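All values derive from a computational prediction rather than experimental measurement. For the single chain, residues carry numbers from 1 onward in sequence order.
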Amino acid sequence: MVWGIVLKHLARLSWWAGLIVVAWDCSVEIYAAVPTSLQNRLQRAVRLPEIDVSAGFAYNQESLLAEDDIPDPSAAALKLQGQLTGEPSDATRWLQLARLHQLAGDPSASKTALEKALVLFRKRVSLQPEDIASRVGLGEALNRSGSNTEAESVLRDAVARAPKEALAWSALGRFWMGRVQQRLNLASTASSARPSAAQLEESTRWREEARRCFDNAIELAPKQARPRADRAGFLSWASGQDFLLKQLRGQAGGIEDLTVSVFSTNAIPDLEIASSLAPRDYRLHAASIWFQVFGNQRGQPNALSNQGTPWENLSSDLKNRIRPHLKALENLGDDADPQISSGALENLAVIQTMLMMDPSGASITARRALRRDATRAQAWELLLGTLISTERWEELLSLLEDRVKLRPEPRSFFMQVKILAQRDRWDESYRRLRMAMELWPNDILIRLSYACLLIRRSQGDILLPEARAQLEGLTKLLAQMKNPQDRARFAMHAGVTSAILFALEGNEDEARQFLKSVTASNPGNAYASSVLEILGN
């Protein structure tokens with residue numbers, strides 16, 4: 001049910017994709033048919049894969065509709081599992097676990113948790129038929145599981161039993177948002193790729209139902225921030241839906257129009273009130289800033305694409321509306337609660353990066369956030385991006401070492417390997433990668449990188465068979481990748497690396513033919529072009 005947008009300040013960095021591998025001093029011939037000079041040039045051509053390092057923020061309506069901020073879903077899920085009691089009261093925890101597992105990228109665990117939540121919520125409703133929270137929980141679990149008919153029945157029953165309960169009205173509003181999203185998604189996959197008149201009429205009716213529900217929730221709880229944030233999320237979502245429908249009719253523009261639509265100025269009044277009602281909710285302050293910045297760009301030059309800092313391009317009136325929220329984030333950075341202070345500082349660091357263009361200040365703020373909560377992923381990304389862009393490699397290695405100790409993961413190990421290789425510290429790079437291979441033998445990034453370094457380190461033909469085995473083992477891993485763009489990127493890199501291996505084994509014609517097909521279909525592939533240039537046409 002999410003209409004989302006991702007905004008990034010630092011895109012894929014050119015040095016990351018263009019790492020040049022320095023030759024080992026080796027004189028052993030791999031195969032007699034391959035001249036030593038060609039062997040060395042081919043080994044120098046090997047590149048490690050590229051990855052994204054981004055400093056920015058991801059926004060979707062769930063970031064406003066959710067009741068909490070989860071910087072590390074996996075850790076939060078583990079902690080929540082330790083709180084389970086086996087009683088019907090666990091229903092809410094299992095529903096939260098379903099969400100956490102989904103955020104952590106584990107749909108199987110999410111489905112299992114959701115099934116347990118449904119069982120326990122049904123039991124709670126049977127034991128406490130007048131408990132509205134139990135009925136709402138059951139309705140939301142049914143909604144998440146796709147049981148639309150029963151979810152609608154349960155949630156309608158909840159508002160009928162407690163017509164003055166804002167919680168029930170908000171839950172019913174979220175249900176109708178989900179129904180509209182499902183309907184339009186179904187329509188977009190049809191052969192016409194456009195909703196029918198009947199589908200549009202039905203979706204419009206459901207959207208009005210959702211708005212009525214959120215309006216009722218605010219009327220019933222005018223002094224609570226949550227209903228206001230819910231309606232702000234709805235208004236943003238509805239504006240995004242309007243953009244989608246215009247796009248289907250060929251009337252909408254590009255990413256800037258989408259950004260203005262999603263960050264609808266209609267949501268700003270609710271965000272302003274919500275942030276005043278919940279002054280310690282740093283997400284509301286940050287959302288108010290970004291909605292003001294992006295939502296007020298319609299018909300004006302985009303502040304984020306003009307010369308000078310984006311902050312300088314904002315009007316005085318707009319700056320004055322934003323300053324109280326900036327001040328609130330600064331003050332919350334000293335809050336006694338580490339989750340609040342780290343969250344406020346993380347958001348402030350992103351603003352300093354994207355809006356103020358102040359990487360030095362953002363780096364200091366991000367470090368403060370990580371000292372309060374080392375799991376803040378966006379603060380890590382921002383700090384990594386800043387150190388990369390300023391080429392502070394030793395400081396970056398130290399930061400990554402801290403990251404690996406805190407949370408071992410393939411990406412951090414790989415980044416260490418990249419930097420060590422760039423600094424000509426090949427033995428350290430190789431040791432790091434061997435350690436990562438022991439921990440994650442089926443991680444495609446680690447395995448492909450390992451094959452690359454085997455080719456790079458090979459003296460004679462000693463390591464080439466193992467490199468070939470590693471590359472051949474990627475086929476199954478590639479088939480399991482869900483993201484088609486990532487799958488294509490890794491497959492292409494593995495293919496070009498395999499071509500280098502073919503040539504080193506004496507199969508130059510086979511390698512040349514493959515590389516020609518790559519450059520013909522993808523002229524911008526610098527990796528393939530550089531190897532083909534070595535082999536000659």
Donor-acceptor pair, side chain of [X] and main chain of [Y], under 3.5 angstrom:
| X | Y | value |
| --- | --- | --- |
| Gln43 | Ile455 | yes |
| Ser429 | Arg425 | no |
| Arg512 | Gly536 | yes |
| Ser342 | Gln339 | yes |
| Arg447 | Met437 | no |
| Trp380 | Leu399 | no |
| Asn347 | Gly343 | yes |
| Ser517 | Phe514 | yes |
| Ser412 | Glu409 | no |
| Ser145 | Leu142 | yes |

What I'd like to find out is whether the side chain of [X] reaches to under 4.5 Å of the side chain of [Y], using heavy atoms alone.
| X | Y | value |
| --- | --- | --- |
| Tyr282 | Ser341 | no |
| Trp440 | Pro408 | yes |
| Arg144 | Arg99 | yes |
| Leu478 | Phe490 | yes |
| Phe413 | Leu433 | no |
| Leu345 | Leu329 | no |
| Asn507 | Leu501 | no |
| Trp94 | Leu118 | no |

Rounded to the nearest 0.5 Å, what separates atom [atom1] in [X] from atom [atom2] in [Y]?
| X | Y | atom1 | atom2 | result |
| --- | --- | --- | --- | --- |
| Arg431 | Leu420 | CZ | CG | 9.0 Å |
| Lys418 | Ile388 | NZ | CD1 | 10.5 Å |
| Ile534 | Ser529 | CD1 | OG | 11.5 Å |
| Leu445 | Ser449 | CG | OG | 4.5 Å |
| Ile419 | Trp393 | CD1 | CH2 | 6.5 Å |
| Leu384 | Leu400 | CG | CG | 5.5 Å |

To check you understand the geometry: which heavy-atom pair defines the closest contact between [X] and [Y], and what is its length?
| X | Y | value |
| --- | --- | --- |
| Leu474 | Ile444 | CD2-CG1, 3.8 Å |
| Phe291 | Val262 | CE2-O, 3.7 Å |
| Leu114 | Ala98 | N-CB, 3.8 Å |
| Val531 | Ala45 | CG2-CB, 4.2 Å |
| Arg93 | Leu80 | O-CD2, 3.5 Å |
| Cys452 | Leu48 | CB-CD2, 3.8 Å |

Residue pairs fulfilling salt bridge (charged side-chain N to carboxylate O under 4.0 Å, His left out) with at least one residue in residues 433-446, sequence neighbours excluded: none
Pairs flagged by salt bridge (charged side-chain N to carboxylate O under 4.0 Å, His left out) wherever residues 341-360 is involved - sequence neighbours left out: Glu346-Arg376
Residues in side-chain hydrogen bond (donor to acceptor under 3.5 Å, both in side chains) contact with [X], at least two apart in sequence or another chain:
| X | result |
| --- | --- |
| Gln416 | Glu401, Arg432 |
| Arg41 | none |
| Thr519 | none |
| Thr365 | Gln352 |

Any pair counted as side-chain hydrogen bond (donor to acceptor under 3.5 Å, both in side chains), so long as it reaches residues 108-118, sequence neighbours left out: Gln102-Ser110
Heavy-atom neighbours of Gln513 CD exceed 12 at 6.0 Å: no
Show every donor-acceptor pair shorter than 3.5 Å between a side-chain atom in residues 491-500 and any protein atom, with sequence neighbours excluded, or say none if there are none.
| from | atom 1 | to | atom 2 | distance (Å) |
| --- | --- | --- | --- | --- |
| His493 | NE2 | Arg47 | O | 2.7 |
| Thr497 | OG1 | His493 | O | 2.8 |
| Thr497 | OG1 | Tyr527 | OH | 3.0 |
| Ser498 | OG | Ala494 | O | 2.9 |

Sequence-distant partners of Ser363, side-chain contact (heavy atoms from CB on, under 4.5 Å), two or more places apart: Arg367, Leu383, Thr386, Arg392
Residues which pass salt bridge (Lys or Arg N to Asp or Glu O under 4.0 Å) with Asp106, listed by chain and number, not counting sequence neighbours: none
Non-neighbouring partners of Arg179 that pass salt bridge (Lys or Arg N to Asp or Glu O under 4.0 Å), sequence neighbours left out: none
From CA spacing to verdict: side-chain contact (heavy atoms from CB on, under 4.5 Å), Gln181, Gln241: CA-CA 9 Å; Gln181 190 70 44; Gln241 288 292 312; 2.9 Å; yes
Full working for salt bridge (Lys or Arg N to Asp or Glu O under 4.0 Å) between Asp427 and Arg457: CA-CA 9 Å; Asp427 288 344; Arg457 286 175 59 89; 3.3 Å; yes
Evaluation steps, side-chain contact (heavy atoms from CB on, under 4.5 Å), between Asp509 and Phe502: CA-CA 9 Å; Asp509 288 341; Phe502 295 159; over 6 Å; no
side-chain contact (heavy atoms from CB on, under 4.5 Å) evaluation trace for Phe243 with Val260: CA-CA 10 Å; Phe243 178 89; Val260 171; over 6 Å; no
Flag for Arg183-Ser203: side-chain donor and acceptor within less than 3.5 Å: no
For Tyr450, ring pair (Phe, Tyr, Trp, His ring centres under 6.0 Å) partners two or more places apart: none
Audit row: Asn148, Gln182, side chain to side chain donor-acceptor pair (under 3.5 Å) steps and yes/no: CA-CA 10 Å; Asn148 297 325; Gln182 289 172 3; 2.9 Å; yes
Residues Glu505, Arg468: salt bridge by 4.0 Å N-O rule: yes
Charged N-O contact under 4.0 Å between Arg489 and Glu50: no
